[in-house]
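Worksheet for the structure shown next.
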Amino acid sequence: MASRRGEPSEPYILVRDVTYRYPGPPGGEPVLALDRVGFRVYRGEFVAVLGRNGSGKSTLARLLNALLLPQEGEVRVDGLDTRDPANLWAIRDRVGMVFQNPDNQIVAAVVEEDVAFGPENQGLPPEEIRRRVEEALAAVGLTALRDRPPHLLSGGQKQRLAIAGALALRPACLVLDEPTAMLDPRGRAEVMATVTRLREEAGVAVVLITHFMDEAARADRVVVMDRGRVVLEGSPREIFAQADRLRALHLDLPPVVALAAELRAAGVPVPPGILTLDELVEALCRLS
Amino acid sequence: MSIELEHVSYVYNPGTPAQWQALRDVSLTIRPGEFVGLIGATGSGKSTLVQHMNGLLRPTSGRVRVFGMDTSDPRTDLTRVRQRVGLVFQYPEHQLFAATVAEELAYGPTNLGLAPEEVQRRVRWALRAVGLGEELLTRSPFSLSGGQARRVALAGVLAMRPDVLVLDEPAAGLDPLGRREILDLIRNLHREGMTIVLVSHSMEDVAELATRVVVLDQGRVVMDGPPRELFRRHRELAALGLAAPVAAQLVDALKARGWPVPGQAVTIREAVAEVTAALAARRRERRPEGGREGGRAGV
Amino acid sequence: MFNITLGQYYPGRSFLHQVDPRTKILATLVYSVFIFLVKEPEGFYLVAGFALLAMAASRIPPLTLIRGLRPILIFLVITLAFNAFMTPGETLWGWGPFRVTREGLAFGGLMALRLVLLVLVTSLLTLTTTPIALTDGLERLLRPFQRLGLPAAELALMMTIALRFVPTLFDEAQRILRAQQARGARLRVRGPLAQMQALLPILVPLFVAAFRRADELAVAMEARGYRGGRGRTRMRELRYTWRDGVTALAVAAFAAGVVYLRLLAG
Ligand SMILES: Nc1ncnc2c1ncn2[C@@H]1O[C@H](COP(=O)(O)OP(=O)(O)OP(=O)(O)O)[C@@H](O)[C@H]1O
Ligand SMILES: Nc1ncnc2c1ncn2[C@@H]1O[C@H](COP(=O)(O)OP(=O)(O)OP(=O)(O)O)[C@@H](O)[C@H]1O
Ligand SMILES: [Mg+2]
Ligand SMILES: [Mg+2]
């Protein structure tokens with residue numbers, strides 16, 4: 001696996017040789033969900049995690065903020081070992097988490113009260129909580145809807161609310177587990193725009209788990225899992241150049257990349273490594 | 001006509017603070033053999049609309065007729081309506097309940113009052129139709145993987161042998177291969193003569209499969225037509241919270257840059273055809289004598 | 001199909017909305033106890049008057065409140081009928097062995113009125129208080145008992161989850177019901193055993209869904225640093241205001257009135 005971005009000092013999150021088994025059905029074998037996985041996230045980096053259903057992505061995500069603890073190997077966040085109970089809250093403050101179904105992660109009956117939930121748990125004084133809530137709502141563009149009951153929000157808005165709830169803890173890393181699975185194109189675009197902006201403006205590292213290849217194409221680095229192991233890792237360009245390998249892993253190319261590949265197969269000499277529609281248009285225009 | 005909706009409006013929780021008008025004056029006819037893609041932003045009323053198609057919801061005003069049966073008429077046998085129009089809900093695997101897959105699949109046909117042998121025949125047919133093996137029949141549906149459970153749930157509806165199959169986001173949450181397999185399966189059912197209504201947030205899938213696209217916005221039908229015509233209206237789609245498929249966006253962008261493309265493509269194959277044709281045309285222009293070969297040369 | 005106005009928050013900024021949840025909880029408790037002390041007609045003017053006052057202070061459309069009574073309609077009818085037939089006294093109307101008495105009708109009417117007022121006032125509590133504020137209030141009220149080993153914070157959390165999820169589970173139940181109906185499910189069948197069997201396709205997925213949701217919510221809360229309520233602060237501190245003084249006075253006056261009437265009669 002090639003080294004990118006000149007190996008910045010220390011990874012912010014380090015997962016080393018982690019194995020995790022769920023207890024199986026009564027009387028059955030335990031389920032091996034992660035098999036000696038290695039994984040790292042650097043400060044401010046955008047990592048996409050891909051993999052077929054059941055490949056262990058969600059399990060990995062839950063290990064990153066000590067919702068699950070490694071049975072073998074270790075997970076360190078900002079140098080803190082997740083197995084040490086004394087580190088638990090410090091880790092949860094550093095790594096925020098957003099899940100697939102927004103309805104199951106909203107606790108309060110009013111938007112701003114929901115955002116306040118995290119800082120309230122941290123025991124911050126009321127003025128500081130207010131400041132955090134303002135900041136988080138502004139970051140996801142929900143300030144105008146602060147008094148709404150969450151069930152009146154659209155899917156995309158609910159998911160942005162969930163992101164605001166995580167941001168209010170001022171995490172250095174945000175882990176999103178299929179945050180766009182239930183959204184329409186606009187909702188997906190809203191969430192992706194929010195995520196990219198957070199990274200650019202606030203330097204928050206992002207780990208995005210997704211089944212949408214076009215979302216992964218926007219990451220700095222793509223990690224592909226299969227049967228509890230990391231099997232591919234690289235820049236989106238490197239990963240999406242391996243169409244056959246991806247298909248064998250039950251994955252696919254992003255639509256733009258697939259389109260470029262089909263053009264190439266039909267004899268149009270588009271250069272390799274195209275990821276966005278704009279790049280494809282430019283490349284085609286340069287041809288003629 | 002398979003399903004006819006005339007001026008259908010629907011209000012949730014009328015007369016409470018939670019009152020909400022989810023459908024406004026929707027008129028729509030689903031004809032036999034069609035493959036209708038139903039798209040719209042979240043909350044636009046897609047799920048509400050499809051539940052009218054088999055009498056699960058009855059219009060607050062207006063009329064729904066399913067193979068001539070009026071769903072609001074108290075004399076209509078709704079079980080017959082539901083036999084003819086099968087509805088697969090979003091995340092249908094969440095509705096599995098039986099001890100074995102065989103029992104799960106037999107539930108629908110048994111409710112129709114069929115003889116046990118016929119029920120068994122349909123169970124096996126449905127299992128095959130979704131591409132699963134008979135060794136699964138004795139397994140618990142709760143022990144299946146996500147993709148398998150989704151197919152069993154789909155088979156549970158297919159076992160009723162509906163004429164029309166309505167699917168609410170059947171591929172949500174599946175990995176790309178699982179998604180492709182489910183869509184291929186639906187395409188096959190359509191080829192074998194089943195009428196399909198597919199609710200989806202994926203414009204690529206709808207463009208690939210549907211023969212007709214219906215767009216909902218705030219409970220109204222705002223567009224209705226063949227994908228080729230509809231997906232060209234990028235700006236309108238974007239305003240509705242939707243997007244055109246990448247293929248359509250590409251040919252549109254090329255056309256805007258002065259390429260001699262018709263700008264009609266909505267699928268990848270069609271876009272490739274337009275681009276290669278345009279390149280070939282340019283090459284001919286440059287070499288009027290004919291040059292060497294046609295479009296494919298010189299790579 | 002399910003009417004869930006009962007127990008839902010009705011957004012607003014009325015007097016009652018702004019009263020501290022602790023005050024509202026205590027006031028509701030006092031009212032619920034004292035309503036059963038009342039026996040004489042004058043007393044009923046008092047309890048009804050207090051309820052009307054509270055309704056006015058909530059600015060919730062009366063029609064909405066009255067609709068919220070629909071789920072208890074059947075209990076009202078039973079209460080009224082049971083008392084009307086079972087109380088001995090002057091016969092108003094007879095049919096075979098059944099006799100409706102004047103006393104029975106009066107007593108049944110009062111019982112039904114009590115029930116209506118009780119439900120109205122408790123639903124005012126939940127309609128004007130967000131679930132979070134309600135649990136906060138409850139937790140603060142229970143805090144003194146923590147020293148006796150009562151897990152106040154955990155109880156509050158359980159209440160939050162329950163309140164947050166009742167409407168969601170209703171929706172879920174409805175969705176599952178419809179999905180099985182789409183497969184031709186028949187819900188009304190003969191015989192208790194057959195009835196149980198007919199309900200299984202709905203109950204099994206509903207239980208699975210309830211567990212899944214509870215589990216996902218618990219994980220989401222943990223991920224946001226929830227640690228069982230210990231050391232938790234609030235963005236909105238609960239603070240008593242003049243409104244709580246006014247409410248306390250009104251409740252005290254009401255209670256004194258009831259006691260006075262009781263003494264007068266006794
Ligand atoms: N609570 C659990 N108990 C038992 N087994 C589990 C549990 N959660 C997950 N598993 C199993 O662990 C493996 C990895 O699951 P995980 O949820 O991490 O996969 P995933 O990559 O997130 O899949 P998906 O794309 O479907 O979300 C799977 O085989 C799954 O069946
Ligand atoms: N049981 C219900 N009670 C009240 N309102 C409802 C109910 N079900 C849906 N609605 C509302 O009706 C509108 C249409 O909902 P519907 O579920 O049909 O939308 P949809 O197009 O399927 O959305 P999605 O893409 O998110 O599935 C929404 O605003 C929704 O909030
Ligand atoms: Mg997962
Ligand atoms: Mg829907």
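Note that the coordinates shown come from a computational prediction; the quantities given were computed from them, not determined experimentally. Residue numbers begin at 1 in each chain, while the letters A, B, ... track the order of the sequences.
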Self-check item: Distance, nearest 0.5 Å, that separates CZ of B:Phe97 from CD1 of C:Ile202
Solution: 9.5 Å
Quiz prompt | Spatial distance of atom CD (B:Gln51) from atom CD (C:Gln181) [nearest 0.5 Å] | solution = 10.0 Å
Quiz item: Does a sphere of radius 6.0 Å around CZ in B:Phe142 hold more than 12 heavy atoms from other residues, nucleotides or ligands, not counting ones at 6.0 Å or beyond?
Solution: yes
Quiz prompt | Option in B:Val88, B:Leu57, B:Leu112, B:Thr110 with maximal non-hydrogen atom pairs under 4.5 Å from chain C | solution = B:Leu57
Exercise. Ignoring hydrogens and angles, tell me if any N or O in the side chain of C:Gln180 forms a donor-acceptor pair with the backbone of B:Gln95 under 3.5 Å.
Key: yes
Practice problem: Could you pull out the closest heavy-atom pair between B:Met160 and C:Gly184, with the gap in Å? | Solution: CE-N, 4.0 Å
Self-check item: chain C neighbours within residues 64-82 of chain B, where any heavy atom lies under 4.5 Å away
Solution: B:Thr79, B:Arg82
Quiz item: For C:Ala209, is it the side chain, the backbone, both or neither that has a heavy atom under 4.5 Å from a heavy atom of chain B?
Solution: neither
Quiz item: Under the 3.5 angstrom rule, does the side chain of B:Asn54 hit a backbone N or O of C:Ala182 as a donor-acceptor pair?
Solution: no
Quiz item: Does C:Phe207 CZ have over 12 foreign heavy atoms under 6.0 Å away?
Solution: no
Quiz prompt | Other residues, nucleotides, ligands: >12 heavy atoms within 6.0 Å of C:Arg59 CZ | solution = no
Self-check item: Contact origin within B:Gln83 toward chain C - heavy atom pairs under 4.5 Å
Solution: neither
Quiz prompt | Least distance between heavy atoms, C:Pro205 atom then B:Leu96 atom | solution = CG-O, 3.7 Å
Exercise. Step through the shown structure and confirm whether more than 12 heavy atoms of other residues, nucleotides or ligands are within 6.0 Å of CD on B:Gln218.
Key: no
Quiz item: For C:Arg175, is it the side chain, the backbone, both, or neither that has a heavy atom closer than 4.5 Å to a heavy atom of chain B?
Solution: both
Practice problem: Of all the heavy-atom pairs spanning B:Phe89 and C:Ala179, show the shortest one and how long it is. | Solution: CE1-CA, 3.5 Å
